Each structure stands twice: as C-alpha cells, then as structure tokens.
Protein chains: 2
Amino acid sequence: MNDFYTEEQKDIARWAKALGHPVRVYIIQLLSKQSCCYSGDLAEELPIARSTLSQHLKELKGSGLIQGKIRPPKIKYCLNKENWAKAKILFSNLLDI
Amino acid sequence: MNDFYTEEQKDIARWAKALGHPVRVYIIQLLSKQSCCYSGDLAEELPIARSTLSQHLKELKGSGLIQGKIRPPKIKYCLNKENWAKAKILFSNLLDI
DNA sequence: TTAGTATTTCGTAAAAATACGAAACAAATG
DNA sequence: CATTTGTTTCGTATTTTTACGAAATACTAA
C-alpha cells in the first residue's frame, strides 16, 4: 500500500475521480434530486451506449457514491447516503465551506 | 463539442478530475493552508519523481485550479482564487451544503 | 416452456493517465 | 562566458479509462 497519503486524501481523490466525467456528474445530480433511478431511464436521455452507461454506473458504485438494488427486472440506483454524507464533510473541509 | 452536458457539469467534472489523485489533493490542501509554494518544496516531501510532480502540477494548472508565477529561478504555485471560488460554489450546490 | 424486458459482461480498440530517468531550458551568479 | 539552480519537457512503458456492439444473464409474463 501507499502509506504516504492519509485516508482522507485517498477518500477525496477516489470520490473526486468518480465525479471526474460529465455523465457521472449528471447521474449524481439526478440522484441528489430524486434519490433513485433506473439504468433504463438514464439510457433514454443520455447520448451514450447502454453498455457504456453501465460502466459508468459500475464506477460510481465502485467508488461508494451510489448503490444498486435489484428490483427485477430492473436495477434501482440510489445515492449511498452514508458515503455521500462523508464526502460532504471531506469536500466541505477541503473547500473550506 | 459535446453539447449534451451543461457548462456546470463540465466544470465540476474537470475540477473533480483534477482532484482525482491523492498527490493533487495533497497539493491543493497545502495551497489552501499556505496559499503558495514552490515545486522544489513539494518535491522534497513527496515520494514521487520531480518530473512526475511536474506533470501533476501541469494538470492542476490545466484545470484552472492553480496558477504558476515565474519568480526566477523558481516557480511559485498558488491557488487560482477566481476558479477556486467558482469551484466552491459548484461543489456546494452539488453536495447541497 | 418460450418469449420478452432490463441490464450487465465480454471482447476489443483507441485515448488518456501515471510514472520514471535523461536531457533541455531559463535565469542568476561567479 | 561557464556554472549552478530549479524546473520542465522528452521519450518511453505500463496501466487505466472510455467507448461501442454483440452476447450473456436474470427475472417476469404469456
């Protein structure tokens, strides 16, 4: 492991990286507003292939910012509220808000 | 150009991407505290090659988050206060702070 | 059981990020 | 002018990201 950086710095970097693409910002903004959505709803409005969208969702999920609940035959995506709250705190500190 | 995303979404993504590596978070945190620093000072404390550091600084500069002023023979790096203020606003909105 | 719906995974390709050491550069000093 | 100092650019290699279409998966409904 790289021991040089603090856990906080790594968390900020991980979440910032997750927000480092406009489509993922779009998704997070949507989830902030309406709390949940389905991949299909996103796919209809976004100008990218479904598989590409799926990749972005996977990345957001991997960062911990969102979570997906299987609700057959769909998958319902929501913010991961716990991590979102953490992210708020860390970004607030960084930005001195 | 990709017209689908708003300027705001692109700005957030650009700045988030710039913060998407622990070393760049480290640099930004430092500059938030002490407002300015030299590449050499960073190079001494960071566990990466000077050329790699230079690349990270270039990326931060490219994103608009920092700026470098030539102060021979050194280069003095500072936060770009204008963009930093913008970033604060955009991230505040996104995080609903 | 077959067909349909929603989404992901796979295979692949192209572009971007990360890292290093060597070499180049730009300005001040001897 | 030659040297020193601080930093960047170059060349290169490796890894990661982004993107797409085709195929696979998982569950429901007919």
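None of the values given here were measured: they were computed from a predicted structure. Every chain is numbered from 1, with letters handed out A, B, ... down the list of sequences.
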Nearest whole angstrom, please: distance from the [atom2] of [N] to the [atom1] of [X].
X: B:Arg50; N: C:dG21; atom1: CZ; atom2: P; value: 12 Å
X: B:Ile75; N: C:dA28; atom1: CD1; atom2: C1'; value: 15 Å
X: A:Glu59; N: D:dT16; atom1: CD; atom2: P; value: 12 Å
X: B:Lys69; N: D:dG6; atom1: NZ; atom2: P; value: 21 Å
X: B:Leu57; N: D:dG6; atom1: CG; atom2: C1'; value: 13 Å
X: A:Glu44; N: C:dT7; atom1: CD; atom2: C1'; value: 13 Å
X: A:Tyr38; N: C:dT8; atom1: OH; atom2: C1'; value: 17 Å
X: B:Leu46; N: D:dG6; atom1: CG; atom2: P; value: 17 Å

Look at the side-chain N and O atoms of [X] and state whether any lies under 4.0 Å from the OP1 or OP2 oxygen of [N].
X: A:Ser51; N: C:dT8; result: no
X: B:His56; N: C:dA19; result: yes
X: A:Thr52; N: D:dA19; result: no
X: B:Arg24; N: C:dT18; result: yes
X: A:Ser39; N: C:dA6; result: no

Check your understanding: If we only count heavy atoms from C-beta on, is the B:Ile48 to B:Gln55 side-chain gap below 4.5 Å?
Key ->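 Contact flag for B:Ile48/B:Gln55 side chains = no.
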Point to revise | Same cluster (ILVMFWY, side-chain, under 4.5 Å), A:Tyr5 and A:Ile89 | key: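 No; tracing contacts between hydrophobic side chains, which count when under 4.5 Å, never links both residues.
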Check your understanding: Would you say the base of C:dA17 and the side-chain of B:Gln55 have a donor-acceptor pair closer than 3.5 Å?
Key ->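 Answer no: no donor N or O sits under 3.5 Å from an acceptor.
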Check your understanding: So which one's nearest nucleotide on DNA chain C is more toward 5', B:Ala49 or B:Lys17?
Key ->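 Result of the comparison: B:Lys17.
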Review point. When all nucleic acid strands are considered with a 4.0 Å heavy-atom cut-off, which category describes A:Ile48: base, sugar-phosphate, or nothing?
Key: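 A:Ile48: backbone/sugar contact only, no base atoms under 4.0 Å.
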Practice item. List the steps and the verdict of side chain to side chain contact (heavy atoms under 4.5 Å, CB included) for A:Leu79 and A:Ile28. Key: CA-CA 8 Å; A:Leu79 284 183; A:Ile28 291 292; 4.0 Å; yes
Check your understanding: For the atom pair CD (B:Gln67) and CG (B:Asn80), what is the distance rounded to the nearest 0.5 Å?
Key ->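 Taking CD in B:Gln67 and CG in B:Asn80, the distance rounds to 4.5 Å.
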Check your understanding: Where do B:Arg14 and B:Lys17 land on the side chain to side chain contact (heavy atoms under 4.5 Å, CB included) test, with the steps shown first?
Key -> CA-CA 5 Å; B:Arg14 184 157 38 82; B:Lys17 193 175 180 182; 5.8 Å; no
Review point. The side chain of B:Ser54 lies closest to which of these nucleotides: D:dT8, D:dT18, D:dG6?
Key: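 Output: D:dT8.
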